[in-house]
Amino acid sequence: PEKDGRDNRNDPPDTMNAVREILMQVLQIENIDEGRPLQSYGLDSIIAVRASAKLEKRLKCEVRPGWLIEFPTVKEFAVHLNRQLQLHST
């Protein structure tokens, strides 16, 4: 099942977990509130570029740094990413 392109990376909880993990890593924080604006944690353009690059590798899809500004919370960003993953998996 993992080899046919329909693996579980497109599941919303897995997308949310990947976003949380990577953002906590690049922001160097131990916990993140899914509804709190990422800029309040210190997100800037450099961190957005680092996070998007790591997420692209992890999720195997395009992740634009600007999306972290356009969708300013973990929850909004993960929902958007999941939509992108679903669009590209069909």
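Values below: all heavy atoms of this structure, side chains included; hydrogens, waters and symmetry mates excluded.
- No path of Ile, Leu, Val, Met, Phe, Trp and Tyr side chains, each step under 4.5 Å between heavy atoms, connects L55 with V49, placing them in separate hydrophobic clusters.
- A side chain to side chain contact (heavy atoms under 4.5 Å, CB included) with M16 is found for exactly one of V79, V74, N82, namely V74.
- One finds the OG atom of S52 at 11.5 Å from the CG atom of L59 (value rounded to the nearest 0.5 Å).
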* **CA sep, side-chain torsions, deciding dist, call: V26, Y41, side chain to side chain contact (heavy atoms under 4.5 Å, CB included)** => CA-CA 11 Å; V26 298; Y41 289 104; over 6 Å; no
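- Between the CG atom of L85 and the OG1 atom of T15 there is a distance of 5.0 Å, given to the nearest 0.5 Å.
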For residues 27-38, which side-chain N or O atoms pair as donor and acceptor with protein atoms under 3.5 Å away, sequence neighbours left out?
| residue | atom | partner | partner atom | Å |
| --- | --- | --- | --- | --- |
| N31 | OD1 | R20 | NH2 | 3.4 |
| D33 | OD1 | G35 | N | 2.8 |
| R36 | NE | S40 | OG | 2.7 |
| R36 | NH2 | S40 | O | 3.4 |

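- Ring geometry for W67 against H80 counts as perpendicular: the plane angle is over 60°, on a 0 to 90° scale with 30° as the lower cut.
- In this structure, L87 CG and C61 SG are separated by 10.0 Å, a value rounded to the nearest 0.5 Å.
- Here the side chains of E62 and E56 are in contact, with some heavy-atom distance below 4.5 Å.
- When all heavy atoms of A51 and I22 are compared, the pair lying nearest together is O-CG2, 3.9 Å.
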* I69 vs Q39, side chain to side chain contact (heavy atoms under 4.5 Å, CB included): CA-CA, chis, key distance, verdict -> CA-CA 8 Å; I69 307 303; Q39 289 182 333; 3.7 Å; yes
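- Annotation: the span from K54 atom NZ to L23 atom CG amounts to 11.0 Å, rounded to 0.5 Å.
- R64 is not listed as a side-chain neighbour of E70, based on a closest heavy-atom distance of 4.5 Å or more.
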